[in-house]
Participant: 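Next up is a structure, given as structure tokens.
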Amino acid sequence: MKIRQFQGRNMRTVMAQIHAELGEEAVILSSQTLSDGTIEVTAAVDDAPGHPSPAPAQVQPSHSVSAAEARQIERMSEELARLRALVEQQLSGLAWGQAQQQTPERAMLLRRLLAMGLGWELAQSLLDALPEGVTGDAAWTQLLGRLGERLHITEEDILKSGGIVALVGPTGVGKTTTIAKLAGRFVMRHGAGQLALITTDCYKIGAQAQLQTFADMMGVPVHVAQSRNELETLLIGLRDRRLILIDTAGMSQKDIRITQQLTAGYSGLVPLKNYLVMSAASPLKVMREVYRAFSRMGLKGLILTKLDEAVQLGSALTLMAETQLPLAWLSEGQRVPEDIERVDVDHLIDRAMVMLDQNGQDAIDGAMRLGVGKEFFDAQ
Ligand SMILES: Nc1nc2c(ncn2[C@@H]2O[C@H](COP(=O)(O)OP(=O)(O)O)[C@@H](O)[C@H]2O)c(=O)[nH]1
Ligand SMILES: [Mg+2]
């Protein structure tokens, strides 16, 4: 082994010396910059014959990353990201413990709002708006009051005002059932002659038969429209009816193009009113997605169904608060025409409270302690 020290103005000139004196096989043992800026490099070469030459990576003056090293770095950064998420989660769990101790009042109120099923952000923003010093029942009453201000009910009752009304929404939420309920109530008040029923649902097997059965009982014919043209022709022919209810194809919210073509921006003499039908038992995430998909067609109001199947009402209230979509009807059961009603905001909040009492708050504490509160409540 021959060891030598080299000096030069920069690394390039030093390397040239090393190559010249020790050859291509030279290995760099150390390098430093002296106080006057000179580069000093200690290099060595194995002068015993027959020894394997050092690996090229060791000879390289500037360190280039090999594929193996790159993989290792990638693994390490993945591991770091995992650790970071874990630490953040732990911290937010600790924060909840701290909040419980330092601001027990606020923590208790937050827990109750979340137990109603309200989304994380809505619950937080209601609490943030609470004036300091308001506590106990007064605080809770104020929170509910603020919540109420964010909820809207349609002023128009279509059973009184009439018009051309289409129910839109995902498959299976209860559009056809709701049409039957509304039709039944309308006929009781105004007689069968003032009502027309149209279905554009040519996709779900038995969909027309289902509506037909209800219609037969009421003595109202069901018209079928398979295209926009057919719908417009029908609407012109039926323009003397006080109420026209249109049952649309129960397509998934990901494929509403056909429904949209049929009902969006209908330019008849009387504007067509789209009501979005949504199950109150759906998770908030799904409700948001459904709303995003259908809001493009212009919505007049919301019909909430399956309240009897929901464990909380907060998700629906959160959607209403977020979108400002006014509620027109609340359905809670399959009986035609009984199980549908118009409600006011106070009644809605009362219902949400009753459902809160039926559900434990343990899961909430658990999720908060684990630091996954936001994820937990938005997924409800
Ligand atoms: N529990 C419950 N079931 C309902 C309600 N509304 C509708 N349904 C049921 O939900 C299922 C789908 O209803 P349907 O009207 O065909 O939905 P569509 O695909 O949107 O037309 C049927 O079994 C209905 O009886 C409700 O408010 N509560
Ligand atoms: Mg249907």
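Worth saying up front: this structure is predicted, and the values here are computed from it rather than measured. Atoms within a ligand are numbered from 1 in the order they appear, just like the ligands themselves.
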Participant: Can you list the ligand 1 atoms lying under 4.0 Å from a non-hydrogen atom of S331?
Facilitator: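 In order of numbering, the contacting atoms are 26 (C), 27 (O).
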
Participant: Could you tell me which atoms of ligand 1, counted from 1 in the order shown, lie closer than 4.0 angstrom to a heavy atom of G333?
Facilitator: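 Answer for ligand 1: 5 (C), 26 (C), 27 (O), 28 (N).
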
Participant: For the 3.5 Å polar cut-off, considering only N or O atoms, please tell me whether Q334 and ligand 1 meet it.
Facilitator: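 By distance alone, the answer is yes.
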
Participant: Below the 3.5 angstrom mark, is there an N/O of T177, backbone or side chain, next to an N/O of ligand 1?
Facilitator: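 Yes: some nitrogen or oxygen of T177 is under 3.5 Å from one in ligand 1.
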
Participant: Applying a strict 4.0 Å limit to heavy atoms, is D339 in contact with ligand 1?
Facilitator: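 No, D339 has no heavy atoms under 4.0 Å from ligand 1.
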
Participant: May I ask you to list the atoms of ligand 1 that are less than 4.0 angstrom from any heavy atom of E332?
Facilitator: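 So the atoms of ligand 1 that pass are 27 (O).
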
Participant: Assess whether atom NZ of K300 is packed by more than 12 heavy atoms of other residues, nucleotides or ligands within 6.0 Å.
Facilitator: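 Open: at most 12 neighbouring heavy atoms sit under 6.0 Å from NZ of K300.
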
Participant: Based purely on interatomic distance, does E309 place a nitrogen or oxygen under 3.5 Å from a nitrogen or oxygen of ligand 1?
Facilitator: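 Yes, there is a polar N/O contact under 3.5 Å.
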
Participant: Quick check: does T176 put an N/O/S atom under 2.8 Å from the Mg ion (ligand 2)?
Facilitator: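 Short answer: yes, at least one N, O or S atom is under the cut-off.
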
Participant: Which atoms of ligand 1 are found less than 4.0 Å from any heavy atom of G174?
Facilitator: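 Selected atoms, number and element: 7 (C), 13 (O), 14 (P), 15 (O), 17 (O), 18 (P), 20 (O).
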
Participant: Within a radius of less than 6.0 Å around CG of D137, do more than 12 heavy atoms belonging to other residues, nucleotides or ligands occur?
Facilitator: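 No.
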
Participant: Please determine whether a side-chain nitrogen of the Lys or Arg among D128 and R106 lies less than 4.0 Å from a carboxylate oxygen of the Asp or Glu.
Facilitator: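 Salt bridge flag = yes for R106 with D128.
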
Participant: Nearest 0.5 Å, please: how far is CG in L118 from CD in Q312?
Facilitator: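 Atom-to-atom, Q312:CD and L118:CG are 8.5 Å apart.
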
Participant: Are any of the N or O atoms of L307 closer than 3.5 Å to those of ligand 1?
Facilitator: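 No, no N or O pair falls under 3.5 Å.
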
Participant: Less than 4.0 angstrom from a charged side-chain N to a carboxylate O is my criterion; do E156 and K273 meet it?
Facilitator: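 Here E156 pairs with K273 in a salt bridge, since their nearest N and O are under 4.0 Å apart.
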
Participant: Any salt bridge between E322 and R150, counting N to O under 4.0 Å?
Facilitator: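 R150 and E322: not salt-bridged.
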
Participant: Indicate, with yes or no, if L22 and M11 share a hydrophobic cluster defined by side-chain heavy-atom contacts under 4.5 Å among Ile, Leu, Val, Met, Phe, Trp and Tyr.
Facilitator: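 Linked, M11 and L22 end up in one cluster.
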
Participant: Say whether T176, considering both its backbone and side-chain N or O atoms, lies within less than 3.5 Å of an N or O atom on ligand 1.
Facilitator: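 Yes - when backbone and side-chain N and O of T176 are compared with those of ligand 1, one distance drops under 3.5 Å.
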
Participant: Between CG of L151 and CG of L325, what distance do you get to the nearest 0.5 Å?
Facilitator: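 If I round to the nearest 0.5 Å, the distance is 11.5 Å.
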
